[in-house]
Amino acid sequence: QVQLVESGGGLVQAGGSLRLSCAASRRTFSNYAMGWFRQAPGKEREFVAAISWSGIRTYYTDSVKGRFTISRDNAKNTVDLQMNSLKPEDTAVYYCALDRDNIASMRSSRYDYWGQGTQVTVSS
């Protein structure tokens, strides 16, 4: 069993920045790909970014490319999402997730463990 705990959400004005962090309980965290997803009210959960176990491969949805950066620290069992130039449409609950198959997929069904989510609200 793996526990994932997100932190760093909050309220920010458009154009501002936030850094989300996800801490994993499992010591073998470094063996697995990780992803960030988000869900806005009334919408389906959508892919934001993913990172391979080594951190060498990263993937982003088009709407956040150039603004968001995913990174990980395997020594600390953490994966972060740096979010810059935030827009009101980035408002959502953000979730981190762990992929035991290490695919770093954009599909939420490929992920096995999820955090409880952290709210990000961007005001215009």
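Within the 4.5 Å cutoff, no side-chain heavy atoms of V48 are placed close to those of M106. Under the 4.5 Å side-chain criterion, counting only non-hydrogen atoms from C-beta, I51 is in contact with V79. Using a 4.5 Å heavy-atom cutoff, the side chains of T91 and Q119 are in contact. A heavy-atom distance below 4.5 Å is not found between the side chains of R45 and R38. Between R67 and D90, some side-chain heavy-atom pair lies under the 4.5 Å cut-off.
In this structure, the side chain to side chain contact (heavy atoms under 4.5 Å, CB included) partners of E89, at least two apart in sequence or on a different chain, are K87. Scanning for salt bridge (Lys or Arg N to Asp or Glu O under 4.0 Å) contacts around R110 gives D101, with sequence neighbours left out. Checked against side chain to side chain contact (heavy atoms under 4.5 Å, CB included), N74 has the following partners two or more places apart in sequence or in another chain: F29, S30, R72.
Among residues at least two apart or in separate chains, there is no ring-ring contact (aromatic ring centres under 6.0 Å, His included) pair with a member in residues 53-96. Residue pairs meeting the ring-ring contact (aromatic ring centres under 6.0 Å, His included) criterion with at least one partner in residues 103-124, sequence neighbours excluded, are F37-Y111, F37-W114.
When atom types are taken as modelled, the side chain of E44 and the backbone of Q39 share no donor-acceptor pair closer than 3.5 angstrom. Between the side chain of D99 and the backbone N or O of A33 there is no donor-acceptor pair closer than 3.5 Å.
Put simply, OH on Y32 and CG on N102 are 9.0 Å apart, with the number rounded to the nearest 0.5 Å. For the atom pair CD1 (I103) and CZ (R57), the distance works out to 9.5 Å, reported to the nearest 0.5 Å.
Around the CD atom of Q3, the shell of radius 6.0 Å holds no more than 12 heavy atoms that belong to other residues, nucleotides or ligands.
Between Q116 and V5, the closest heavy-atom pair is OE1-CA, 3.8 Å. Residues S105 and A50 come closest through the heavy atom pair O-CB, 4.3 Å.
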Worksheet entry | Intermediate values then yes/no, side chain to side chain contact (heavy atoms under 4.5 Å, CB included), L4 and M34 | CA-CA 11 Å; L4 302 173; M34 297 293 295; 4.1 Å; yes
Let me have the donor-acceptor pairs involving side chains of residues 9-22, under 3.5 Å, with sequence neighbours excluded, atom names and distances please.
residue, atom, partner, partner atom, Å
S17, OG, N84, OD1, 2.9
R19, NE, D80, OD2, 3.3
R19, NH1, Q82, OE1, 2.9
R19, NH2, D80, OD2, 3.2
S21, OG, D80, OD1, 2.8

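Under the 4.5 Å side-chain heavy-atom criterion for grouping Ile, Leu, Val, Met, Phe, Trp and Tyr, F47 is not connected to L98 through any hydrophobic cluster.
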